[in-house]
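One structure below.
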Amino acid sequence: RMTDAEDDIYERIILEQENKEIQWRLVVSKFRDVEYLHLRKYYLDFEGIYMPTKEGACIPFELNSLSNLFEALVEILSLAESKGSIETHFKELLKDLYEQ
């Protein structure tokens, strides 16, 4: 069991795969007076309640670790945006390269 619901400070569903009865959630919780950020996979149990699995990650909810996570997400988003722009502007060239 990851945390008690009353210990959760913040919770948001990041991805829901209804056909697989799976959710990925971002949760901030407190355990022994220390706050943590969890990205965790949840499954739908027999009673229709989503329960956490052991799959996921947990990091201390501290300025340094959160800043590093934010920087990484910004870089990923920038790369995704760049990739989309590259694919749009060089679509024909890329098509020619990959069809050879």
Side-chain angles (χ1 to χ4, degrees):
R1 199 171 93 166
M2 184 180 69
T3 62
D4 292 329
E6 60 267 11
D7 292 333
D8 292 349
I9 298 166
Y10 175 87
E11 182 173 304
R12 181 177 181 149
I13 297 169
I14 301 299
L15 173 67
E16 188 161 14
Q17 297 173 296
E18 291 179 19
N19 59 331
K20 295 181 180 180
E21 300 179 338
I22 292 172
Q23 292 180 342
W24 282 89
R25 295 186 188 183
L26 185 66
V27 178
V28 177
S29 63
K30 187 180 254 187
F31 181 71
R32 296 187 180 161
D33 293 328
V34 178
E35 292 179 346
Y36 296 94
L37 176 80
H38 305 263
L39 178 60
R40 187 134 334 263
K41 182 179 182 180
Y42 282 66
Y43 72 96
L44 191 62
D45 72 5
F46 293 113
E47 297 174 5
I49 299 170
Y50 278 96
M51 300 296 293
T53 68
K54 291 183 178 185
E55 291 182 59
C58 175
I59 62 172
F61 191 77
E62 299 169 348
L63 184 58
N64 187 42
S65 57
L66 294 177
S67 293
N68 289 335
L69 177 60
F70 180 76
E71 285 180 29
L73 290 172
V74 168
E75 288 175 1
I76 290 169
L77 288 170
S78 177
L79 289 173
E81 183 179 331
S82 297
K83 181 180 175 188
S85 296
I86 290 169
E87 288 174 346
T88 299
H89 295 296
F90 298 102
K91 185 176 183 176
E92 291 302 316
L93 177 62
L94 290 171
K95 182 180 173 186
D96 293 342
L97 286 173
Y98 289 115
E99 288 182 357
Q100 291 179 4

Revision key, fill the gap. Residues at least two apart in sequence or cross-chain that pass salt bridge (Lys or Arg N to Asp or Glu O under 4.0 Å) with Glu62, listed by chain then number, are none
Point to revise | Partners meeting side chain to side chain donor-acceptor pair (under 3.5 Å) with Glu21 (sequence neighbours left out) | key: none
Point to revise | Check: Asp8 side chain, Tyr10 main-chain N or O, donor-acceptor pair, under 3.5 Å | key: no
Check your understanding: Please walk me through it: do Val27 and Tyr42 pass side-chain contact (heavy atoms from CB on, under 4.5 Å)?
Key -> CA-CA 11 Å; Val27 178; Tyr42 282 66; 3.8 Å; yes
Got a list of side-chain donor-acceptor pairs under 3.5 Å for residues 67-80, not counting sequence neighbours?
| from | atom 1 | to | atom 2 | distance (Å) |
| --- | --- | --- | --- | --- |
| Ser67 | OG | Leu63 | O | 2.8 |
| Asn68 | ND2 | Asn64 | O | 3.3 |

Check your understanding: Out of curiosity, His38 NE2 to Phe31 CZ, how far, rounded to the nearest 0.5 Å?
Key -> 9.5 Å
Point to revise | Enclosure of Phe61 CZ (heavy-atom neighbours >12, cutoff 6.0 Å) | key: no
Check your understanding: Measuring from Leu44:CG to Met51:CE, what's the distance to the nearest 0.5 Å?
Key -> 11.0 Å
**Study point:** Evaluation steps, side-chain contact (heavy atoms from CB on, under 4.5 Å), between Val28 and Tyr36
**Key:** CA-CA 6 Å; Val28 177; Tyr36 296 94; over 6 Å; no
Point to revise | Donor-acceptor contact below 3.5 Å, side chain Ser65 vs main chain Ile59 | key: no
Study note, to complete from the structure: Applying salt bridge (Lys or Arg N to Asp or Glu O under 4.0 Å) to Glu11 and not counting sequence neighbours gives Arg25
Review point. Looking at residues at least two apart in the chain, or sitting in another chain, which of them share a side chain to side chain contact (heavy atoms under 4.5 Å, CB included) with Lys20?
Key: Gln17, Ile22
Review point. Leu26, Ile13: one ILVMFWY side-chain cluster at the under-4.5 Å cut-off?
Key: no
Exercise for review: First locate atom CZ of Arg40, then atom CD of Glu55, and finally report the distance between them rounded to the nearest 0.5 Å.
Suggested key: 9.5 Å
Revision key, fill the gap. Residues Tyr43 and Pro52: closest non-hydrogen pair is CE2-O, 4.0 Å
Practice item. Output all residues satisfying side chain to side chain contact (heavy atoms under 4.5 Å, CB included) with Glu18, sequence neighbours left out; order by chain, then residue number. Key: Glu16
